[in-house]
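These notes concern the structure reproduced below.
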Amino acid sequence: MSDFTSNFWNLYIAITTVVALVFCAWLLIAVGRDKGKASETTHVWDGDLTELNNQLPNWWRGLFWALLIFSVGYLIYYPGLGSFKGLGNWTQVGQLEKEMIALENQTRPMYDRFLAMSAEDLAKDQKAMVTAERIFQNTCARCHGSDARGFIGYTNLRSGAWSWGGDPADIEYSIAEGRTGIMMPMGDALGGEPGVKAVVAYMRSLSGLDHDASKVAQGETLFEENCVACHGMDAKGMKDIGAPDLTDNVWVHGGTERAMEKVVALGRNSDLADGDFAMPPHKEVLSKGQIHLLTAYVWGLTNK
């Protein structure tokens with residue numbers, strides 16, 4: 001974007017603004033020179049009805065001068081003349097930071113009280129949960145939905161399925177530090193499409209979904225040879241690496257055969273740099289009190 005900007009526009013705005021103010025002042029002086037009786041014009045109606053040029057009332061001219069003086073003072077104190085920052089050094093960022101500090105000072109006692117409570121106790125506090133829900137709607141709903149049920153590629157927080165662990169400490173770490181994981185593409189390792197379909201048939205059988213029973217035995221063998229390192233012998237996953245439980249019938253990226261085959265064959269990158277399904281860290285966006293309160297809210301969705 002910097003290739004399309006230069007100091008020219010700063011000068012253009014500053015000069016245009018100054019010229020406009022000078023012109024307005026000149027216009028006021030010019031129309032105020034003719035004193036006394038109103039002058040006639042050439043506009044005549046009905047033979048003797050003549051339009052007059054009346055002088056502007058003094059109150060109107062005084063108000064205009066006051067506005068011009070105010071405008072000059074405003075442009076001296078605040079930024080408005082191109083790159084001139086103004087004597088007050090006011091900026092939008094600075095104003096926002098002041099307001100954020102004021103808000104933090106105002107809400108700190110409340111969040112200090114929340115930090116002193118366990119997530120389990122907070123989840124029972126209805127007033128605290130009202131505040132937590134507002135934080136969730138402002139911060140988390142765009143990915144997990146306003147009802148926290150997620151979308152394809154984004155976790156349903158009401159499902160009770162936690163790839164990284166569902167204890168309050170696990171949830172709080174996920175919110176604060178974020179989570180990144182990767183599902184390696186297994187198409188080649190499984191021998192192509194036939195092997196992928198067999199493994200998917202086995203996975204669907206674990207969740208009680210419709211499947212091709214003739215492929216389950218082959219899929220189980222391939223699963224034990226290629227998938228247990230992450231998902232475990234019982235296919236219930238490993239929270240230390242974010243490997244999901246394949247027996248709970250919860251499928252973040254879709255539970256159709258086609259969707260499951262695509263994930264198994266092509267993998268799924270959840271790296272913040274390359275993937276679009278990563279959980280970003282929020283410790284720079286939310287305070288510790290807000291994260292703790294949000295943890296209680298998310299935990300409470302599946303622990304009434």
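Hydrogens, waters and symmetry mates play no part in the numbers below; they use all other heavy atoms, side chains included.
Considering only residues two or more places apart in sequence or on other chains, T247 meets the side-chain hydrogen bond (donor to acceptor under 3.5 Å, both in side chains) condition with K236, D245. Under the side chain to side chain contact (heavy atoms under 4.5 Å, CB included) criterion, R158 pairs with A148, R149, N156, L301, sequence neighbours left out. For K124, the salt bridge (charged side-chain N to carboxylate O under 4.0 Å, His left out) test picks out no residue, with sequence neighbours left out.
Put simply, the side chain of H144 gets close to the backbone of T155: a donor and an acceptor are under 3.5 Å apart.
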Compile the donor-acceptor pairs under 3.5 Å between side chains in residues 188-199 and protein atoms, sequence neighbours left out, one pair per line.
unit_1	atom_1	unit_2	atom_2	d
K197	NZ	E261	OE1	3.4
K197	NZ	E261	OE2	3.3

For a quick test of your reading: what N or O donor-acceptor pairs under 3.5 Å do the side chains of residues 203-210 make, sequence neighbours left out?
unit_1	atom_1	unit_2	atom_2	d
R204	NE	D210	O	2.7
R204	NH1	G255	O	2.8
R204	NH2	D210	O	3.3
S205	OG	Y202	O	2.5
S207	OG	L246	O	3.1
S207	OG	N249	N	3.3

Using a 3.5 Å cut-off and no angle test, enumerate the donor-acceptor pairs between side-chain atoms of residues 71-94 and protein atoms at least two apart in sequence or in another chain.
unit_1	atom_1	unit_2	atom_2	d
S71	OG	L67	O	2.8
W90	NE1	Q95	OE1	3.2
T91	OG1	G94	N	2.9

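Ion pair K288/D112 not flagged as a salt bridge, since none of the NZ, NE, NH1 or NH2 atoms sits closer than 4.0 Å to an Asp/Glu carboxylate oxygen.
Under a hydrophobic clustering in which Ile, Leu, Val, Met, Phe, Trp and Tyr are joined whenever their side-chain heavy atoms come within less than 4.5 Å, directly or via other members, I175 and V285 fall into the same cluster.
The only member of L294, I291, V298 that meets side chain to side chain contact (heavy atoms under 4.5 Å, CB included) when paired with I171 is V298.
Residues L28 and W65 meet the side-chain proximity criterion, which asks for heavy atoms closer than 4.5 Å. In this structure, the side chains of V130 and K127 stay at 4.5 Å or more apart for every pair of heavy atoms.
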